[in-house]
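In this text, all values refer to a predicted model and were calculated from it rather than measured experimentally.
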Amino acid sequence: MGSNLPQIARDEAAEAAYLARLGERVRSWRHEHGLPRKALALASGVSERYLAQLEAGHGNVSVLLLRKLAQAMRVPIEQLIRENGDASGALAALTAFLGTLSEDRRTAAYRLLQTQFGSPRRNRIALLGLRGAGKSTLGAKLAQALGMDFVELDREVEREAGAELGDVFTIYGQDAFRRFERRALERVLRNHDRAVIATGGSIVSEPETYQLLRDRCFCVWLKASPEEHMARVVAQGDMRPFRGQAEALDEIRRLLADRDRLYARADATIDTSGQSVKHSMTRLRGLVSADSSKQ
């Protein structure tokens, strides 16, 4: 907008642009995770009509009022809406400074802070993939070889919920399972400075939990073909979570297609299709060792 326009017109244009960006972020998140608007409305308790308006750049006026309040206070809007209490002066200043950087430079700054003050990611190795990828088998062997703890996150979820995994969904539902999974991961990260973690196949579908995993662990996707996944699950004698599905192989194909780009965000990928455990283990150890030498 040109500087010769009345101030009120410039303000309105800025507000419209802000709401448009907000709507685009929500819409992009939905598309990225393959979530229909109706499903997000049900999960959030927000009406589908409101979500449609928000994504179209016509958010509720309260959003703009909160933004105006933050501007008047000269603080980032994130500081006003944070849920865990007031930020310290240093944290507020750091947040404000990071807000002045481009996205690429913020990412670089985060990596520097993580390297300087966080636990090295190589001290925790997280294995991703559907059941049958080899997470438990290779994870246990890798942990033994590296002298690390081996943790199966599904077992930690059961401890958190006080029920077997299949019953967690039946009794509590998927939303509760996600909360148990997040709490279990946070506990594992607190209690294990060095560990190999075999994750659940769906952890990549929960953005915040997956981001936490990627921030704190070196993540490896153990990839396999649908046919290989199916053969290994059958060999294990346990069709969970495919029990009762007439077309289990099609279901595996669908899950892999839905999660492919999410799994691909891991730091590295190893295709275990047609490979012996020994061969896959050699590749995994070499990959982890190569990562350690870079840090």
> Which residues pass the ring pair (Phe, Tyr, Trp, His ring centres under 6.0 Å) test with F180, sequence neighbours left out?
Replying inline: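 F180 satisfies ring pair (Phe, Tyr, Trp, His ring centres under 6.0 Å) with Y172 only.
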Rounded to the nearest 0.5 Å, what's the gap from [atom1] on [X] to [atom2] on [Y]? Could you check?
X: R105; Y: T100; atom1: CZ; atom2: OG1; value: 8.5 Å
X: E164; Y: T170; atom1: CD; atom2: OG1; value: 11.0 Å
X: M281; Y: K141; atom1: CE; atom2: NZ; value: 7.5 Å
X: L130; Y: M230; atom1: CG; atom2: CE; value: 12.5 Å
X: R49; Y: L54; atom1: CZ; atom2: CG; value: 14.0 Å
X: L284; Y: L138; atom1: CG; atom2: CG; value: 6.0 Å

Look at the side chain of [X] and the backbone N and O of [Y], then say whether any donor-acceptor pair between them is shorter than 3.5 Å.
X: R124; Y: H192; answer: yes
X: S280; Y: T272; answer: no
X: T269; Y: W221; answer: no
X: H229; Y: R131; answer: yes
X: R27; Y: E55; answer: yes
X: R259; Y: G201; answer: yes
X: E152; Y: A198; answer: no
X: D267; Y: C219; answer: yes
X: Y263; Y: L256; answer: no

Below 4.5 Å, heavy atoms only, C-beta onward: do [X] and [Y] meet side chain to side chain?
X: L212; Y: L189; result: yes
X: F150; Y: I197; result: no
X: E208; Y: R182; result: yes
X: L128; Y: L222; result: no
X: V196; Y: V151; result: no
X: N191; Y: D149; result: no
X: S205; Y: Y210; result: no
X: L146; Y: I125; result: yes

Would you call [X] and [Y] a salt bridge, taking side-chain N to carboxylate O under 4.0 Å as the test?
X: R254; Y: D250; value: no
X: R183; Y: E186; value: no
X: E48; Y: R37; value: no
X: E228; Y: K223; value: no
X: D175; Y: R178; value: no
X: R187; Y: E160; value: yes

Can you name the closest pair of heavy atoms from [X] and [Y] and give their distance?
X: T199; Y: A126; result: CG2-CB, 4.3 Å
X: R285; Y: L142; result: CG-CD1, 3.7 Å
X: V220; Y: L287; result: CG2-CD2, 4.1 Å
X: N123; Y: D193; result: CB-O, 3.3 Å

